[in-house]
Amino acid sequence: MAKFELKLPKMGESVAEATITNWLKNVGDTIAADEAVLEIATDKVDSEVPSEVSGTLTEILFQVNDVVKVGQTIAIIETEGGAPAVTAPQAAAAPVVEAVAATIEVAKEVVAPADFSGSDKFYSPLVKNIAKEEGISVAELDTIAGTGKEGRVTKEDILNHIKNRGNQPAVPTATPASVATPAAAPAPQAVPVSVNGGDEIVEMDRMRKLISKYMVESVQTSAHVQSFIEVDVTNIVKWRDKVKNAFEKREGEKLTFTPIFMEAVAKALKDFPMMNISVEGEYIVKKKNINLGMAAALPNGNLIVPVIKNADQLNLVGMAKAVNDLGNRAKAGKLKPDDTQGGTYTVTNVGTFGSVFGTPIINQPQVGILALGAIRKVPAVIETPEGDFIGIRQKMFLSHSYDHRVVDGALGGSFVKRVADYLEAWDSNREI
């Protein structure tokens with residue numbers, strides 16, 4: 001028998017730690033290779049940690065809500081045969097580890113860590129550490145508007161908060177015992193009661209609570225305004241019908257309408273760079289890269305926005321592969337934290353559910369989001385040199401929500417009109 005050390009895998013360049021949210025296996029359980037052992041959470045996404053080997057889980061080294069660093073051993077799995085995972089050099093390093101652990105224990109006695117259990121918000125280990133180092137209390141941390149995925153406070157959010165504190169004294173993380181006064185605990189929210197006894201009361205899961213908070217904060221942050229435009233996509237529909245089978249046979253990928261729309265949006269963002277910005281206080285940040293977020297559904301029905309990086313540099317084949325990859329991994333719950341970072345503009349396809357148009361909420365700190373409506377056959381006036389006549393055309397609505405703090409109607413309307421122009425000018429003979 002040999003022991004295998006299950007370590008927290010690398011999850012992206014910007015992710016150094018994660019919080020354990022749930023153990024899917026118990027000590028004594030048999031585990032197959034690639035089977036999920038536990039669930040973790042970062043600033044951006046929740047994900048699973050699979051086992052690299054088959055065996056029996058013999059030891060769990062961390063509990064739920066514990067913070068674990070990338071590369072740290074989190075469990076021991078006993079396997080058949082093979083060499084033990086712990087080597088002599090590691091054993092020789094034990095005294096050093098014990099010395100460091102002793103130092104940490106002394107530090108714990110001197111500085112009492114902030115208690116985050118009183119907050120219903122999720123904070124990443126990195127944010128918690130910065131809060132502790134800067135003397136930011138949980139109450140003060142709860143006042144920071146998060147710009148991360150699902151409204152989470154990111155490293156940049158808390159650093160900006162610290163910078164804007166000016167010369168104000170830091171709020172202590174704990175009240176000294178000698179001057180401690182009893183504080184009224186926040187009243188727990190009453191659980192709704194079914195009047196007729198037949199209603200089912202279901203508490204929101206953690207992600208739904210975060211999405212709810214994030215949506216409200218976005219509306220409170222940005223002055224939302226919308227522009228709508230109808231687009232004739234008949235040429236696109238005919239072209240896709242003509243090439244989709246050959247494309248799938250050649251590339252092994254389905255050709256949906258989404259990459260076609262994404263390509264048009266990326267082109268329009270290059271034409272109107274002031275739509276590819278973010279707002280930080282009274283400053284506008286003009287983004288160098290065009291990174292398109294695409295709203296996608298998770299297996300549990302919740303929403304997430306993976307990002308296509310440098311979308312303007314992709315041809316249609318590359319865009320189709322990127323869209324399919326992110327969409328499939330979102331549905332399978334396999335997205336990585338880096339997959340949801342760095343978006344500069346977002347597209348959501350409300351037409352998937354039959355909606356003609358919608359008024360989407362801006363994905364902070366971006367300043368615009370485009371909703372793609374359902375494609376429908378409708379009677380339309382067709383202009384020809386011989387005169388006008390009525391014909392059947394394939395049409396859809398584009399719904400553009402934008403932040404009126406920095407985007408006026410001229411820019412917001414011109415941008416969505418440019419997207420429509422690119423779509424209506426589609427070359428029916430385009431090669432792919």
Check whether any side-chain N or O of Asp29 sits under 3.5 Å from a backbone N or O of Lys25 as a donor-acceptor pair, and report yes or no.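 It does not hold such a pair.
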Could you check if a side-chain atom of Gln341 sits within less than 4.5 angstrom of a side-chain atom of Val307, using non-hydrogen atoms only?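 No, too far: nothing below the 4.5 Å cut-off.
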Can you see which heavy atom on Ala420 is nearest to which on Ile229, and at what distance?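 For Ala420 versus Ile229, the nearest heavy atoms are CB-CD1, 4.0 Å.
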Would you say Val237 and Ile375 make side-chain contact, with heavy atoms under 4.5 Å?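 Yes - at least one pair of side-chain heavy atoms lies under 4.5 Å apart.
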Asp403 CG to Gln366 CD distance, which is reported to the nearest 0.5 Å: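 Here the interatomic distance stands at 11.0 Å.
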Determine whether Leu370 and Val265 satisfy the following criterion, side chain to side chain contact (heavy atoms under 4.5 Å, CB included), listing intermediate values before the conclusion. CA-CA 9 Å; Leu370 186 70; Val265 171; 3.7 Å; yes
Ignoring hydrogens and angles, state whether a donor on the side chain of Asn276 or Thr344 is under 3.5 Å from an acceptor on the partner side chain.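 Yes - a donor-acceptor pair under 3.5 Å links their side chains.
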Does Asp232 form a side chain to side chain contact (heavy atoms under 4.5 Å, CB included) with Glu424? I'd like the steps, not just the answer. CA-CA 6 Å; Asp232 189 330; Glu424 291 189 341; 3.7 Å; yes
Side-chain (Trp239) to main-chain (Trp426) donor-acceptor, under 3.5 angstrom: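 Side chain of Trp239 to backbone of Trp426, a donor-acceptor pair under 3.5 Å: no, none is there.
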For the student: nearest non-hydrogen atoms of Ser401 and Pro360, plus distance: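 Residues Ser401 and Pro360, closest heavy atoms: OG-O, 2.8 Å.
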Can you tell me how far CD of Glu134 sits from CG of Leu159, rounded to the nearest 0.5 angstrom?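 Rounded to the nearest 0.5 Å, the CG-CD separation comes out at 8.0 Å.
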What's the verdict on side chain to side chain contact (heavy atoms under 4.5 Å, CB included) for Leu38 and Leu6, showing C-alpha distance, side-chain angles and the deciding distance? CA-CA 11 Å; Leu38 69 157; Leu6 179 65; 4.2 Å; yes
Search all heavy atoms of Val233 against all heavy atoms of Met396 and return the closest pair with its distance.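 In this case the closest contact between Val233 and Met396 is CG1-SD, 3.9 Å.
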Is there a donor-acceptor contact under 3.5 Å from the side chain of Ser222 to the main chain of Val219?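 Absent.
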Could you check whether Arg418 makes a cation-pi contact with Phe272, meaning its NZ or CZ is under 6.0 Å from the centre of the six-membered ring and within 45° of the ring axis?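 Because its charged atom misses either the 6.0 Å distance or the 45° angle limit, Arg418 does not stack over Phe272.
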Assess whether atom NZ of Lys309 is packed by more than 12 heavy atoms of other residues, nucleotides or ligands within 6.0 Å.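 More than 12 heavy atoms, drawn from other residues, nucleotides or ligands, come within 6.0 Å of this atom.
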Are the side chain of Asn315 and the backbone N or O of Gly318 linked by a donor-acceptor pair below 3.5 Å?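 Checked: pair present.
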Under 3.5 Å: donor-acceptor pair, side chain of Ser218, backbone of Ile362: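 Checking the backbone N and O of Ile362 against the side chain of Ser218, a donor-acceptor pair under 3.5 Å is found.
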Side chain of His404, backbone of Tyr402: donor and acceptor closer than 3.5 Å?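 Side chain of His404 to backbone of Tyr402: no pair is present.
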Please determine whether the number of non-hydrogen atoms from other residues, nucleotides or ligands lying under 6.0 Å from atom NZ of Lys244 exceeds 12.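 More than 12 heavy atoms, drawn from other residues, nucleotides or ligands, come within 6.0 Å of this atom.
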Met215 vs Gln220 side-chain heavy atoms within contact, under 4.5 Å: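 A side-chain contact under 4.5 Å is absent here.
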Does any part of the side chain of Glu17, heavy atoms only, come nearer than 4.5 Å to the side chain of Val68, both counted from C-beta?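 Of all side-chain heavy-atom pairs linking Glu17 with Val68, none is under 4.5 Å.
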Heavy atoms only: give me the nearest Ala330-Ala296 pair and the separation to one decimal.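 Nearest heavy atoms, Ala330 then Ala296: CB-CB, 3.9 Å.
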With distance as the sole test, does Ser399 use its side chain to make a donor-acceptor pair with the main-chain N or O of Gly358 at under 3.5 Å?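 Indeed, once roles are kept as given, a pair shorter than 3.5 Å links the two residues.
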Is there a side-chain contact between Met275 and Leu411, using heavy atoms and a 4.5 Å cut-off?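 When only atoms from C-beta onward are counted, Leu411 and Met275 do touch, with a gap below 4.5 Å.
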Are Asp271 and Tyr422 packed together at the side-chain level, in the sense that at least one heavy-atom pair is separated by less than 4.5 angstrom?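 They are in side-chain contact.
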Side-chain H-bond candidate by donor/acceptor type, Tyr345 with Asn363, under 3.5 Å: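 Absent: no donor and acceptor within the cut-off.
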Does the side chain of Ile260 come within less than 4.5 Å of Leu316's, by heavy atoms?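 Yes - at least one pair of side-chain heavy atoms lies under 4.5 Å apart.
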Test salt bridge (charged side-chain N to carboxylate O under 4.0 Å, His left out) applied to Lys267 and Asp312, step by step: CA-CA 7 Å; Lys267 288 181 179 180; Asp312 57 313; over 6 Å; no
Nearest-0.5 Å distance, CZ of residue Arg430 to CD1 of residue Ile236: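 Rounded to the nearest 0.5 Å, the CZ-CD1 separation comes out at 9.5 Å.
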Heavy atoms only: give me the nearest Ile144-Val153 pair and the separation to one decimal.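 Reported closest heavy-atom pair: O-CG2, 3.7 Å.
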Please answer whether the main-chain N or O of Lys69 pairs with a side-chain N or O of Gln72 as donor and acceptor at a distance below 3.5 Å.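 Side chain of Gln72 to backbone of Lys69, a donor-acceptor pair under 3.5 Å: yes, one is there.
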I'd like to know if the side chain of Ser51 and the backbone of Ile31 have a donor-acceptor N/O pair within less than 3.5 Å.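 Not a single qualifying donor-acceptor pair exists.
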What is the minimum heavy-atom distance between Leu57 and Asn26, and which atoms define it?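 Smallest interatomic distance, heavy atoms only, reads CD2-O, 3.5 Å.
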Can you check whether Ala410's main-chain N or O pairs, donor with acceptor, with Ser414's side chain at less than 3.5 Å?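 Yes; at least one donor-acceptor contact below 3.5 Å.
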CA sep, side-chain torsions, deciding dist, call: Lys209, Glu203, side chain to side chain contact (heavy atoms under 4.5 Å, CB included): CA-CA 9 Å; Lys209 290 178 183 177; Glu203 184 179 3; 2.8 Å; yes
Pairwise distance OH(Tyr214) to OG(Ser212) - rounded to 0.5 angstrom: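 Between Tyr214 OH and Ser212 OG, I get 13.0 Å after rounding to 0.5 Å.
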Evaluate salt bridge (charged side-chain N to carboxylate O under 4.0 Å, His left out) for Asp325 paired with Lys321, printing each intermediate quantity in order. CA-CA 6 Å; Asp325 173 56; Lys321 289 181 179 292; over 6 Å; no
Ring center gap for Phe228 and Phe397 short of 6.0 angstrom: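 Between Phe228 and Phe397, the centre distance exceeds or equals 6.0 Å.
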Side-chain heavy atoms of Val27 within contact of Thr58, under 4.5 Å: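 No, every pair of side-chain atoms sits at 4.5 Å or beyond.
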Between the side chains of Thr221 and Gln364, does any donor sit under 3.5 Å from an acceptor?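 The criterion, which ignores hydrogens and geometry beyond distance, is not satisfied for Gln364 and Thr221.
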Could you grab the distance from atom CG of Leu269 to atom CD1 of Ile277, nearest 0.5 Å is fine?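 Atom-to-atom, Leu269:CG and Ile277:CD1 are 11.0 Å apart.
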Distance in Å, Ile77 CD1 paired with Thr30 OG1, rounded so as to fall on 0.5 Å steps: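 Reported to 0.5 Å precision, the distance equals 11.0 Å.
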